[in-house]
Protein chains: 2
Amino acid sequence: MLRLSKLTDYATVLLAYMAKTNSHLHTAVELSEATAIHLPTVSKVMKVLSKAGVVYATRGSKGGYQLAQGPEQITVASIIGALEGPVAITECSSQTHDCEQASACEIKGNWGVVNRAIVNVLESITLADMMVTQQEYSSAEIQVSWQGLSR
Amino acid sequence: MLRLSKLTDYATVLLAYMAKTNSHLHTAVELSEATAIHLPTVSKVMKVLSKAGVVYATRGSKGGYQLAQGPEQITVASIIGALEGPVAITECSSQTHDCEQASACEIKGNWGVVNRAIVNVLESITLADMMVTQQEYSSAEIQVSWQGLSR
DNA sequence: TTTATACAGTACTAATTTAGTCCTATATCG
DNA sequence: CGATATAGGACTAAATTAGTACTGTATAAA
């Protein structure tokens, strides 16, 4: 679990296709046909990506979508952020509200550290990284270190 | 989003309480009273943690739960794994099934890199780390680096 | 200026997932 | 044997997500 929504997954597929064929504007119909994602869903996803500024939209005849930045500049964090809002693995990690558990919940806020670590990872991986084929991945490396407390 | 279930959150609260008072076996009733989490819910969570081997359970009179390892050995990944199964941010990241998107989905498997990076983070943070109070956190540091491809 | 094209916004329904509760079974101590 | 405590499973209700549809707005070309 710790799962992303399907819409976020669709978004990466759509954006990856756009990145590969960057020469022209892509209509929702074209994207739907190219990715086999139903048109209403493509439309829903692209609207959200457009609102978030991940893609530019042009209306009217000859209109369509294009990437707002190069694939190297579009981070996984920004894609997730567009579709699902800020990453917050627990209610505590995001909200300013008072926890009902009150005094009993001494973990309060400590998920924040985990959350921040995950956000760091998501901000360091780009659409370009995700487009690399699986074989090439065998040589990819990720290093994560949690330094603990400097006490 | 990218949210954990409430049960996972409860689990950390319960485990943190157990870690602080490690001298004796904790019954579900005691844990419920100490954490203000309803007894049926405590019971549900502890059963799962026990099955996963995060805690030991002793039945019968004088029975109860105790941590299976020290707080420094219990990783956030193992807690999440117990309650929610293996971390898999998308269906593709875990399943062996064939994707319906088939050829169109060239992103297939590439979430795996993101997934692995997140698992690394979760395995590097322990229950002990999470128990530190918030103030002390200001001095905590996490470093994450994504090295990209070595081509 | 009208028509066709294409995105924008919003609302609604169905499906899925999660949370919470309860009941019965099994193990252990005294 | 009886009291205590966990194990396992089933069930209901709530919340979230997915998918669809409808109406509005902008643009280009005839």
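Chain A is the first sequence line, chain B the second, and so forth, proteins listed ahead of strands; every chain is numbered from 1.
Sorted by residue number, the members of residues 24-32 of chain B with any non-hydrogen atom under 4.0 Å from DNA chain D read H26(B), T27(B), A28(B).
Residue M46(A) contributes atom CE, which lies 21 Å from atom P of dT5(C) at whole-angstrom precision. Taking atom NZ on K51(B) and atom C1' on dG8(D), their separation rounds to 8 Å, with Å as the unit. Whole-Å rounding puts the Q66(A) CD to dA6(C) P distance at 15 Å. Taking atom CG of L39(B) as the reference point, atom P of dT4(D) lies 14 Å away to the nearest angstrom. Counting to the nearest Å, the P atom of dT18(C) and the CD1 atom of I80(B) are 14 Å from each other. Computed from coordinates, the L2(B) CG to dT16(D) P distance equals 16 Å when rounded to whole Å. If you measure from atom CG of L7(A) to atom C1' of dT20(D), you get 12 Å, rounded to the nearest angstrom. In this structure, the NZ atom of K6(A) is 13 Å from the P atom of dA15(C), given to the nearest Å.
Mapping L4(A) and S43(B) onto DNA chain D by nearest heavy atom places S43(B) at the nucleotide closer to the 5' end.
Put simply, the side chain of V113(B) does not reach to within 4.5 Å of the side chain of D129(A), judged on heavy atoms. Proximity of L31(A) to I37(A): side-chain heavy atoms (C-beta onward) are nowhere separated by under 4.5 Å. Looking at heavy atoms from C-beta onward, L122(A) lies in side-chain contact with I118(B) at the 4.5 angstrom threshold. At least one side-chain heavy atom of Y10(B) sits under 4.5 Å from a side-chain heavy atom of T41(B).
Checked by atom type and distance alone, the side chain of R3(A) pairs as donor or acceptor with a backbone atom of A88(B) at under 3.5 Å. Remark: side-chain polar atoms of D9(B) are not paired, donor with acceptor, to backbone N or O of L4(B) under 3.5 angstrom.
Relative to the side chain of Y65(A), the nucleotides dT21(C), dC7(C), dT20(D) differ in distance, and dC7(C) lies closest.
The base of dG19(D) lies close enough to the side chain of K44(A) for a donor and an acceptor atom to sit less than 3.5 Å apart.
Contact annotation: Y56(A) does not reach the phosphate of dC7(C) (side-chain N/O to OP1 or OP2, under 4.0 Å). For the OP1/OP2 pair of dA7(D) and a distance below 4.0 Å, the side-chain nitrogens and oxygens of S50(B) include at least one atom meeting the criterion. Under 4.0 angstrom from either OP1 or OP2 of dA18(D) there lies no side-chain N or O belonging to T41(A). The phosphate of dG20(C) has OP1 or OP2 within less than 4.0 Å of a side-chain N or O from Y10(B). Within the structure, every side-chain polar atom (N or O) of S5(A) is placed at least 4.0 Å from both OP1 and OP2 of dT16(D).
Taking Q69(B) as the reference, Q73(B), I74(B) meet the side-chain contact (heavy atoms from CB on, under 4.5 Å) condition, with sequence neighbours excluded. Partners of K44(B) by side-chain contact (heavy atoms from CB on, under 4.5 Å), not counting sequence neighbours, listed by chain and number: L7(B). Every residue two or more places apart in sequence or in another chain that forms a side-chain contact (heavy atoms from CB on, under 4.5 Å) with T75(B) is listed here: A77(B), S78(B).
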- request: Sugar-phosphate atoms are those with a prime plus P, OP1 and OP2; base atoms are the rest. Using that split, label each nucleotide of nucleotides 23-30 of chain C B, S or - for protein heavy atoms under 4.0 Å, 5' to 3'.
  value: ---BBBS-

- request: Begin with the C-alpha distance, continue with both residues' side-chain angles, and end with the deciding distance and a verdict on side chain to side chain contact (heavy atoms under 4.5 Å, CB included) for V76(A) and T126(A).
  value: CA-CA 5 Å; V76(A) 172; T126(A) 70; over 6 Å; no

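The side chain to side chain donor-acceptor pair (under 3.5 Å) pairs that include a residue from residues 23-33 of chain B are Y17(B)-E30(B), H24(B)-E30(B), H26(B)-E30(B), where partners are two or more places apart or lie in different chains.
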All N/O contacts under 3.5 Å from nucleotides 13-15 of chain D to the protein, with atom names and distances to one decimal?
none

List the atom pairs, donor and acceptor, that lie under 3.5 Å between side-chain atoms in residues 48-59 of chain B and the rest of the protein, sequence neighbours left out.
none

